[in-house]
Amino acid sequence: MFPFKRRSQPKKDRVAHFLFRIFGPATVEGAIQGWSPEAREQYKRLRENQKRAAEEQRRAREP
């Protein structure tokens with residue numbers, strides 16, 4: 001049915017393996033976790049700054 005035989009183990013792509021070892025999976029050292037109190041406070045400050053900036057833009061556009 002199939003003209004080619006499947007290999008028992010797939011051959012690894014050496015270039016992709018090399019690049020994966022260099023760039024690897026995404027990791028962040030020293031990051032603030034989303035569930036930590038510091039992250040919550042930072043998110044609240046960010047949202048307040050975004051709301052304030054949006055309000056200032058609305059006021060600037062009004063005649």
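- Between the side chains of Arg47 and Gln50, a donor-acceptor pair is found at a separation under 3.5 Å.
- Note on Arg58 versus Glu55: salt bridge recorded, some NZ/NE/NH1/NH2 to OD/OE distance being below 4.0 Å.
- Two residues are said to be in side-chain contact when any heavy atoms from C-beta on lie closer than 4.5 Å; Glu41 and Lys44 meet this criterion.
- You'll find the side chain of Arg52 stays beyond 4.5 Å of the side chain of Glu48, heavy atoms only.
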